[in-house]
Amino acid sequence: MASNSVVLINPDREKPLIAPMPLDYLAAALVDAGFEPELLDLAFESDWYAATNQAVAKRELLAIVILVRHLDDGLYNSQTYFLPKSKTLVEYLRSKTKAPIILIGGAYSLVPEQILRFCRADFGVAGDPEEAVPKLLEALRDGGDLETIPNIGWIDNRSFHQQPVLPANLKREWSVRRGFIDN
């Protein structure tokens with residue numbers, strides 16, 4: 001039986017800290033779909049290499065999801081560009097696990113192909129991830145067809161593939177427990 005374990009990573013360490021709410025919403029959707037999410041919030045880790053290694057070394061993982069919320073800090077004086085840190089994280093994860101790496105978040109949704117290529121992740125989810133990520137995980141676990149899953153992108157033979165990005169279904173009942181992250 002394939003693993004149902006998924007690590008959700010917030011790589012944002014900038015101050016002031018911003019709660020990774022997208023991961024809270026996604027965690028609820030994953031639990032409802034039968035997956036076992038675990039949060040690694042690097043904002044609170046002094047040694048993110050050790051914390052990342054500990055999170056991915058515990059067990060066999062189905063996948064790792066990284067929140068790519070911002071391209072930069074938006075400040076004229078610092079002009080901090082965040083994508084190199086995300087790329088470094090993906091590279092480090094590749095040295096520790098064979099689990100597929102999935103990018104989500106607002107920044108990814110803005111320029112999915114460029115970020116997927118730059119960070120060299122396996123998949124990305126543009127738009128709201130609550131419906132697409134569980135379907136993607138099921139396809140990865142069970143050998144399903146990626147081309148039937150809205151919002152996902154991937155690179156195959158150097159070609160970028162992006163399924164249609166659909167808006168969130170606001171009429172569905174959302175299962176948000178708001179207890180996955182420590183606010």
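The figures that follow rest on heavy atoms only: side chains count, while hydrogens, waters and symmetry mates do not. Because the structure is predicted, anything quoted here is derived from the model rather than measured.
Taking 4.5 Å as the limit, every side-chain heavy atom of Val6 sits out of range of all side-chain heavy atoms of Ile64. The shortest distance between side-chain heavy atoms of Lys85 and Pro11 does not fall below 4.5 Å. Here the side chains of Val68 and Ile104 are not in contact, with every heavy-atom distance at 4.5 Å or above. With contacts defined as side-chain heavy-atom distances shorter than 4.5 Å, the pair Cys119/Leu103 qualifies. The shortest distance between side-chain heavy atoms of Leu30 and Leu137 falls below 4.5 Å. No side-chain heavy atom of Val65 sits under 4.5 Å from any side-chain heavy atom of Val7. Contact of the Pro112 side chain with the Phe160 side chain is registered, since non-hydrogen atoms from C-beta on lie closer than 4.5 Å. Within the 4.5 Å cutoff, no side-chain heavy atoms of Tyr108 are placed close to those of Arg69.
The backbone N or O of Gly105 lies less than 3.5 Å from a partner atom in the side chain of Ser109, making a donor-acceptor pair. Between the Thr52 side chain and the Tyr49 main chain, no donor and acceptor come within less than 3.5 Å of each other. At least one donor-acceptor pair under 3.5 Å links the side chain of Asp41 to the backbone N or O of Ala43.
Within the model, atoms CZ of Phe35 and CG of Leu8 stand 11.5 Å from one another, a figure rounded to the nearest 0.5 Å. Taking CD1 from Ile102 and CG from Leu67, the interatomic distance works out to 13.0 Å, rounded to the nearest 0.5 Å. Atom-to-atom distance recorded for Asp156:CG and Asp122:CG is 11.5 Å, nearest 0.5 angstrom. The CD atom of Glu130 sits 11.0 Å away from atom CG of Asp32, with the distance rounded to the nearest 0.5 Å. Once rounded to the nearest 0.5 Å, the distance linking CD1 of Ile152 with CG of Leu136 reads 5.0 Å. Going from atom CD1 of Ile115 over to atom CG of Leu110 covers 7.0 Å, rounded to the nearest 0.5 Å.
For the pair Ile101 and Arg94, the tightest heavy-atom approach, listed with the atom from each and the gap, is CD1-NH1, 3.8 Å. Of all heavy-atom pairs spanning Asn4 and Gly34, the tightest one is ND2-O, 3.6 Å. Contact detail for Leu40 and Ala55: the closest heavy-atom pair is CD2-CB, 3.9 Å. The nearest pair of heavy atoms linking Lys96 to Asn53 is CD-OD1, 3.3 Å. Of all heavy-atom pairs between Ser3 and Leu62, the closest is O-CB, 3.4 Å. Between Asp128 and Asn151, the shortest heavy-atom contact is O-ND2, 3.5 Å.
Clustering ILVMFWY residues whenever any of their side-chain heavy atoms sit less than 4.5 angstrom apart, transitively, puts Ile155 in the very cluster that holds Val111. Taken together through direct or relayed side-chain contacts under 4.5 Å among Ile, Leu, Val, Met, Phe, Trp and Tyr, Val165 and Val133 form parts of separate hydrophobic clusters. The hydrophobic clustering, which links ILVMFWY residues whose side-chain heavy atoms are closer than 4.5 Å, places Tyr92 and Phe118 together.
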Step-by-step side chain to side chain contact (heavy atoms under 4.5 Å, CB included) determination, Ile66 to Leu89: CA-CA 9 Å; Ile66 300 174; Leu89 178 59; 3.9 Å; yes
Criterion side chain to side chain contact (heavy atoms under 4.5 Å, CB included) on Trp48 and Thr88, from CA distance to verdict: CA-CA 11 Å; Trp48 73 262; Thr88 299; 4.0 Å; yes
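The environment of CD in Gln54 is sparse: at most 12 heavy-atom neighbours from other residues, nucleotides or ligands sit within 6.0 Å.
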Compile the donor-acceptor pairs under 3.5 Å between side chains in residues 143-150 and protein atoms, sequence neighbours left out, one pair per line.
from: Asp145; atom 1: OD1; to: Glu147; atom 2: N; distance (Å): 3.0
from: Thr148; atom 1: OG1; to: Asp145; atom 2: O; distance (Å): 2.9

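Relative orientation of the Trp154 and Phe123 rings is tilted, given thresholds of 30° and 60° on the angle between their planes.
Evaluation of the salt bridge (Lys or Arg N to Asp or Glu O under 4.0 Å) test over residues 97-117, restricted to residues two or more places apart or in two chains, returns Glu113-Arg117.
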